[in-house]
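Written out below as structure tokens is the structure these notes cover.
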Amino acid sequence: MTNFKCNYNDFLFLVFILAVPFIIADVPYIDDLARLAVGYGWNQDGRVFATFLMKVLSLGYPLMDISPIPTLLAISALVLSGYIIAEVLCINGRISKAIVATSMVSGPFIVQNLSYQWDSLPMALSMLLIVAPMALINHRLKFIISASILLTLSMYLYQATIFAFPCLAIIYLWNHIEIKSRDEIVRLLVTLLLAAIAFVVVYKISTLWINLEYKQTRAELVIFSGDPISNFLSNTQALKEVYKPYFSSSIGRLVLLSYVLSVITICAHAYSNKNISAIIGIFIPPVLMVIASLVGILIVNAPVSPRVFSALPISLLAIIIIANKSKYSFIIIGLVISFTTIIQLYAYVNALKSEYALQKSIAFQIAAKNDLYNKHIIVNGVAPLSKSAEITLKHLPYLKGSIPVYLQNGWVWGRQFMENEGLIFKEQYFYSPDFDKKRRGIINALCDIPVTNQNNHYNIRSNEYTIVIDFKKTQCN
């Protein structure tokens, strides 16, 4: 790519369409609750560049709440990544480029990454830094140097996105398999491998002088664990449970149908052009989905939070790209994925906003009718979903893990949620794992604590020292 072309009106329009629901909702999301109170960074996760970046934007430490600036910049970074990919893959036309750009916000889980008012920017920027070197791939030395540096910086922003690099490399090689000779393809492959090796070397050298504070539970690989086979099978099963709701949903089925149309397009193209090598394309989307999911397979006790699959949009992009052998298939599939992406995003954000408002209403209702001062707070069960969240999850069940219910059992974020609203001091809330033994003791003796208030959603049991918010509405004989 020698001259990068991007219609700035289209770019700004896409950023606006994709960012506006998050800006209107203005809902803090999980880790945001603690950053609102403390303003800490990500050094404990080895993401030192993420901390540095947000420290610069916050004009120092602790980090300030400057939302929605990180969200706007995050979506801008992803859309820009899409435009760069479109140029690198020689995708022409305003609509076609906009489709590729929108696909960078596609997939079942990227909405969680964008929900964080602080973390959305480092995670999105990590993708842009992986995509950017591809613009220099025809200049071997520049590509290798830029890739080794930018991929290293990406690792210090958000490690899970690194799997986007092999995904992009596979798409690029396949996209050029018909227009380049075998020797040229081999040269490209060697260039990509050299860039990967250079990245590993630069990253390893950087770790010698950058003090990483990885949590061991997030760094131990399955292959080096005491029982690699058992851990691998356990992670694979957990991953299956993550994806199952997606492919049983209406959007998941539309994506599968789009993939089928791409396969038909590739087969028809290969037959009419007598080019069997193009058939390789039918395997690319599922292979890329596996690669993008490796973070959930390779790490012991892998985090299966949706945000770690940040490279997954590349696999949906691949469905669009392999259909590019037919202009009509490309446009149809691209519009389907773009449309479902926008519908999913708006439905999700509205459900997120509605659920947060409901929990806030419940918390204030409890505080208004009960004296919480100097009493231990225990939550038993799970707060109800809002009607908006219920309807959204009926259509899009895979989003369940992305819509947090803070008032549930001993989840630590319930404490932060109530503390941020000024309802309790943090020492009052019994959360897991720090207060598991005390929680279990109180819950096991729940019937000894009288019901002092109740409604359709919960019972309040309280005595001189304790208030139990009982969403299970436990019945005692």
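Numbers here are sequence positions counted from 1.
- Annotation for Phe364: atom CZ counts as buried by contact number, over 12 foreign heavy atoms lying within 6.0 Å.
- Side-chain contact between Phe309 and Val242 is present, with heavy atoms from C-beta onward closer than 4.5 Å.
- With values rounded to the nearest 0.5 angstrom, Phe165 atom CZ is found 6.5 Å from Met134 atom CE.
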Could you give the side-chain donor-acceptor pairs of residues 192-201 under 3.5 Å, partners two or more places apart or in another chain?
none

Without placing hydrogens or testing angles, list every side-chain donor-acceptor pair under 3.5 Å for residues 390-405, not counting sequence neighbours.
from   : atom 1 : to     : atom 2 : distance (Å)
Thr392 : OG1    : Ser388 : O      : 3.0
Tyr398 : OH     : Gln344 : OE1    : 2.6

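- Side-chain contact annotation: Ser293 with Tyr243, donor-acceptor N/O pair under 3.5 Å present.
- By the 4.0 Å N-to-carboxylate-O rule, Arg47 lies close enough to Asp119 to be salt-bridged with it.
- Atom-to-atom distance recorded for Thr191:OG1 and Leu141:CG is 10.5 Å, nearest 0.5 angstrom.
- In terms of modelled atom types and a separation under 3.5 Å, the side chain of Ser361 and the main chain of Ala357 share no donor-acceptor contact.
- Asn420 places no side-chain N or O within 3.5 Å of a backbone atom of Gly422 that could act as its donor or acceptor partner.
- Residues Asp436 and Tyr431 have side chains not in contact (no heavy-atom distance under 4.5 Å, counting atoms from C-beta outward).
- Here the side chains of Gln428 and Arg415 are not in contact, with every heavy-atom distance at 4.5 Å or above.
- Counting heavy atoms of neighbouring residues, nucleotides and ligands inside a 6.0 Å radius, atom CZ of Phe283 does not exceed 12 of them.
- Take Phe417 and apply the ring pair (Phe, Tyr, Trp, His ring centres under 6.0 Å) test, not counting sequence neighbours, and it matches Tyr356, Tyr406.
- The closest donor-acceptor contact from the side chain of Ser386 to the backbone of Ala389 lies under 3.5 Å.
- Residue Tyr346 places its OH atom among more than 12 non-hydrogen atoms of other residues, nucleotides or ligands, all under 6.0 Å distant.
- Scanning all heavy atoms of the two residues, the minimum distance from Pro70 to Trp118 falls at CB-O, 4.2 Å.
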request  = Begin from the C-alpha positions of Leu128 and Ile84 and carry the test side chain to side chain contact (heavy atoms under 4.5 Å, CB included) through to its verdict.
outcome  = CA-CA 9 Å; Leu128 179 59; Ile84 294 174; 3.9 Å; yes
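- No side-chain N or O of Asn113 forms a donor-acceptor pair with one of Ser310 less than 3.5 Å apart.
- Between Phe143 and Leu136, the shortest heavy-atom distance links the atoms CB-O, 3.2 Å.
- Using a distance-only test at 3.5 Å, with no hydrogens or angles considered, a donor-acceptor pair links the side chain of Ser154 to the main chain of Ser126.
- Judged purely by atom type and a 3.5 angstrom limit, Ser58 has no side-chain atom pairing as donor or acceptor with the backbone of Lys55.
- More than 12 heavy-atom neighbours from other residues, nucleotides or ligands sit within 6.0 angstrom of OH on Tyr172.
- Note: Leu114 CG to Leu345 CG = 7.0 Å, rounded to the nearest 0.5 Å.
- A side-chain donor-acceptor contact under 3.5 Å links Ser262 to the backbone of Ser258.
- The two residues Tyr156 and Ser206 have their closest heavy-atom pair at OH-OG, 2.5 Å.
- Both the sub-6.0 Å distance and the 45° axial angle are satisfied by Arg35 relative to the ring of Tyr40.
- Here the CG-OG1 distance, from Leu335 to Thr340, works out to 10.5 Å after rounding to the nearest 0.5 Å.
- The minimum heavy-atom distance linking Ala37 with Gln416 is given by the pair CB-NE2, 3.5 Å.
- Ring orientation note: the planes of Trp411 and Trp413 are nearly perpendicular, at an angle over 60° on the 30°/60° scale.
- Here the side chains of Phe163 and Ile314 are not in contact, with every heavy-atom distance at 4.5 Å or above.
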request  = Dump the intermediate steps for side chain to side chain contact (heavy atoms under 4.5 Å, CB included) on Gln117 and Tyr29, then the final yes or no.
outcome  = CA-CA 7 Å; Gln117 294 180 331; Tyr29 190 81; 5.9 Å; no
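- Using a 4.5 Å heavy-atom cutoff, the side chains of Asn175 and Val88 are not in contact.
- Side-chain atoms of Ser354 do not come within 3.5 Å of backbone N or O of Ala351 as any donor-acceptor pair.
- Ser96 places no side-chain N or O within 3.5 Å of a backbone atom of Gly93 that could act as its donor or acceptor partner.
- More than 12 heavy atoms of other residues, nucleotides or ligands shown are found within 6.0 angstrom of CG on Leu189.
- A 4.5 Å side-chain heavy-atom check between Ser106 and Leu316 finds at least one atom pair inside the cut-off.
- Using a 4.5 Å cut-off on side-chain heavy atoms (C-beta onward), His176 and Ile185 make contact.
- Considering CG of Asn409 and CZ of Phe430, their distance stands at 15.0 Å, rounded to 0.5 Å.
- Checked by atom type and distance alone, the side chain of Asp65 never pairs as donor or acceptor with a backbone atom of Leu36 at under 3.5 Å.
- Annotation: Tyr61, atom OH; neighbour count of heavy atoms from other residues, nucleotides and ligands within 6.0 Å is above 12.
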Verdict with reasoning, Tyr259 to Val255, per side chain to side chain contact (heavy atoms under 4.5 Å, CB included) = CA-CA 6 Å; Tyr259 173 60; Val255 169; 5.7 Å; no
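- When atom types are taken as modelled, the side chain of Gln159 and the backbone of Asp45 share a donor-acceptor pair closer than 3.5 angstrom.
- Side chain to side chain, Ser115 and Tyr348 meet the donor-acceptor criterion of an N or O pair below 3.5 Å.
- In this structure, the separation between CE on Met127 and CD1 on Ile85 is 7.0 Å, given to the nearest 0.5 Å.
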task = Any chance you could lay out the side chain to side chain contact (heavy atoms under 4.5 Å, CB included) test for Thr161 and Tyr158, step after step, and finish with the verdict?
result = CA-CA 6 Å; Thr161 314; Tyr158 191 60; 3.3 Å; yes
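- Phe232 places a side-chain heavy atom less than 4.5 Å from the side chain of Thr236.
- Taking both residues in full, the closest heavy atoms of Val15 and Leu72 are given as CG1-O, 4.3 Å, listed atom of the first, atom of the second, then distance.
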request  = In sequence, state the C-alpha distance, the side-chain angles, and the governing distance for Tyr83 and Tyr8, and then conclude on ring pair (Phe, Tyr, Trp, His ring centres under 6.0 Å).
outcome  = CA-CA 11 Å; Tyr83 273 105; Tyr8 295 104; 8.9 Å; no
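- Of all heavy-atom pairs spanning Ile130 and Ile162, the tightest one is CD1-CA, 3.6 Å.
- Atom CZ of Phe13 sits in a sparse spot, with 12 or fewer heavy atoms from other residues, nucleotides or ligands closer than 6.0 Å.
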